[in-house]
Amino acid sequence: MIILTAELKHLDILSKLFDEYRVFYERESDIEAAKNFMKHRLENKDSVIFIALDGNGNGMGFTQLYPSFTSVGMQRMWILNDLFVNENYRKQKVAESLLNKAEQHAKETGAFGMLLETRNTNIPAQNLYDKLGWYRDTEHTWFFKPADEM
């Protein structure tokens, strides 16, 4: 397994993984929209995407980080927005390797830290975050309001 910073040359592999990720979260498959979305992220450089490839260059998984800031801490933060491993590669430490790469990136960029969220029902992911020393936030409550309700 190799973990790389995704570039446009990885777009087809990345788009397939991103589409699978969205299906995992109960969205309709739309490979063209997935490709367009990821192409814009790569071209605009408004996220950092790490991709895991097997020895044959097949996509195993990816993680996507978005930059943010903490006003109180007066530093950059990274939001780990997406983490996905293709079902054929699960239980092979792909997610752990991607998380380690993301943490390395946060350290290298002098970040205050990283923030992530996952569904309450995604117990395997929560177990991994616990295992890798992530803290469950008991101090803050998140709220969300869809744009069509504003």
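Given the structure is predicted, the values throughout are model-derived calculations rather than measurements. The figures that follow rest on heavy atoms only: side chains count, while hydrogens, waters and symmetry mates do not.
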Inset, instruction - Taking atom CG of N120 as the centre, report whether more than 12 heavy atoms of other residues, nucleotides or ligands fall under 6.0 Å from it. - result: no
Legend entry - Heavy-atom check, side chain of L4 versus side chain of I2, under 4.5 Å: yes
Inset, instruction - Ignoring hydrogens and angles, tell me if any N or O in the side chain of N44 forms a donor-acceptor pair with the backbone of H40 under 3.5 Å. - result: yes
Legend entry - From K91 atom NZ to K93 atom NZ, the distance as rounded to the nearest 0.5 Å: 11.5 Å
Inset, instruction - Count the heavy atoms of every other residue, nucleotide or ligand shown that sit under 6.0 Å from CZ of R90, and state whether that count exceeds 12. - result: yes
Legend entry - SB check K101 E108 (cutoff 4.0 Å): no
Inset, instruction - Verify the neighbour count for atom OH of Y135: are there more than 12 heavy atoms of other residues, nucleotides or ligands below 6.0 Å? - result: no
Inset, instruction - May I ask whether I123 and L132 are part of the same hydrophobic cluster, defined by side-chain heavy atoms of I, L, V, M, F, W, Y residues being less than 4.5 angstrom apart, directly or through others? - result: no
Legend entry - same_hphob_cluster(F24, I13) at 4.5 Å side-chain heavy-atom cutoff: yes
Inset, instruction - Verify whether one side chain among N88 and N86 offers a donor that lies under 3.5 Å from an acceptor in the other. - result: yes
Legend entry - ILVMFWY network linking L42 to I3, side-chain heavy atoms under 4.5 angstrom: no
Legend entry - Side-chain heavy-atom pair L128, L99 within 4.5 angstrom cut-off: yes
Legend entry - F84 and L98, any side-chain heavy atoms less than 4.5 Å apart: no
Legend entry - Contact check, side chains of W134 and M114, non-hydrogen atoms, under 4.5 Å: yes
Inset, instruction - Assess whether side-chain contact (heavy atoms from CB on, under 4.5 Å) is satisfied between L17 and M60, documenting all intermediate values. - result: CA-CA 8 Å; L17 289 167; M60 302 171 76; over 6 Å; no
Inset, instruction - Would you tell me whether Q75 and T70 have side-chain atoms, one donor and one acceptor, within less than 3.5 Å of each other? - result: no
Inset, instruction - Determine whether the side chains of Y21 and D82 contain a donor N or O and an acceptor N or O closer than 3.5 Å. - result: yes
Inset, instruction - With salt bridge (charged side-chain N to carboxylate O under 4.0 Å, His left out) as the test, would you mind laying out the steps for K107 and E103 before giving the verdict? - result: CA-CA 6 Å; K107 287 179 190 173; E103 288 180 17; 5.4 Å; no
Inset, instruction - Grab the two heavy atoms, one from S15 and one from A34, that are nearest each other, plus how far apart they are. - result: O-CB, 3.8 Å
Legend entry - K131/E96 ion pair, N-O < 4.0 Å: yes
Inset, instruction - Quick one: pull up CG in D30 and CG in N36 and give me the separation to the nearest 0.5 Å. - result: 9.5 Å
Inset, instruction - Flag yes if more than 12 heavy atoms outside E43 fall under 6.0 Å of its CD atom; otherwise flag no. - result: yes
Inset, instruction - Following the transitive rule for hydrophobic clusters with a side-chain heavy-atom cut-off under 4.5 Å over Ile, Leu, Val, Met, Phe, Trp and Tyr, establish whether F37 and L83 coincide in one cluster. - result: no
What side-chain donor-acceptor pairs closer than 3.5 Å can you find for residues 143-150, not counting sequence neighbours?
none

Inset, instruction - Could you go through the side-chain hydrogen bond (donor to acceptor under 3.5 Å, both in side chains) check for Y89 and E87 one step at a time? - result: CA-CA 5 Å; Y89 296 100; E87 64 184 319; over 6 Å; no
Legend entry - Results of ring-ring contact (aromatic ring centres under 6.0 Å, His included) for H105 - residues two or more places apart only: F50, W78
Legend entry - F18 and R41, any side-chain heavy atoms less than 4.5 Å apart: no
Inset, instruction - Please assess R119 against E26 for the test salt bridge (charged side-chain N to carboxylate O under 4.0 Å, His left out), listing each intermediate value before the final yes or no. - result: CA-CA 12 Å; R119 279 192 175 168; E26 301 167 1; 3.6 Å; yes
Inset, instruction - Salt-bridge test for K35 and D19: reply yes if a basic N is under 4.0 Å from a carboxylate O, no otherwise. - result: no
Inset, instruction - Can you spot which of F112, F69, Y66 makes a side chain to side chain contact (heavy atoms under 4.5 Å, CB included) with M77? - result: F112
Inset, instruction - Examine distances only and state if a side-chain atom of D137 and a backbone atom of E139 form a donor-acceptor pair shorter than 3.5 Å. - result: yes
Legend entry - pair L53-M1: side-chain heavy atoms closer than 4.5 Å: no
Legend entry - Exercise: identify the closest heavy-atom pair between T118 and A125: OG1-CB, 4.1 Å
Inset, instruction - Consider only side-chain heavy atoms of I, L, V, M, F, W and Y, link residues closer than 4.5 Å, and tell whether F62 and L80 are in one cluster. - result: no
Inset, instruction - Evaluate the side-chain proximity of S68 to R76: yes if any heavy-atom separation is below 4.5 Å, no if none is. - result: no
Legend entry - Spatial distance of atom CG (L65) from atom CG (L115) [nearest 0.5 Å]: 11.5 Å
Legend entry - Contact check, side chains of M38 and L11, non-hydrogen atoms, under 4.5 Å: yes
Inset, instruction - Could you pull out the closest heavy-atom pair between T5 and H10, with the gap in Å? - result: O-CE1, 4.0 Å
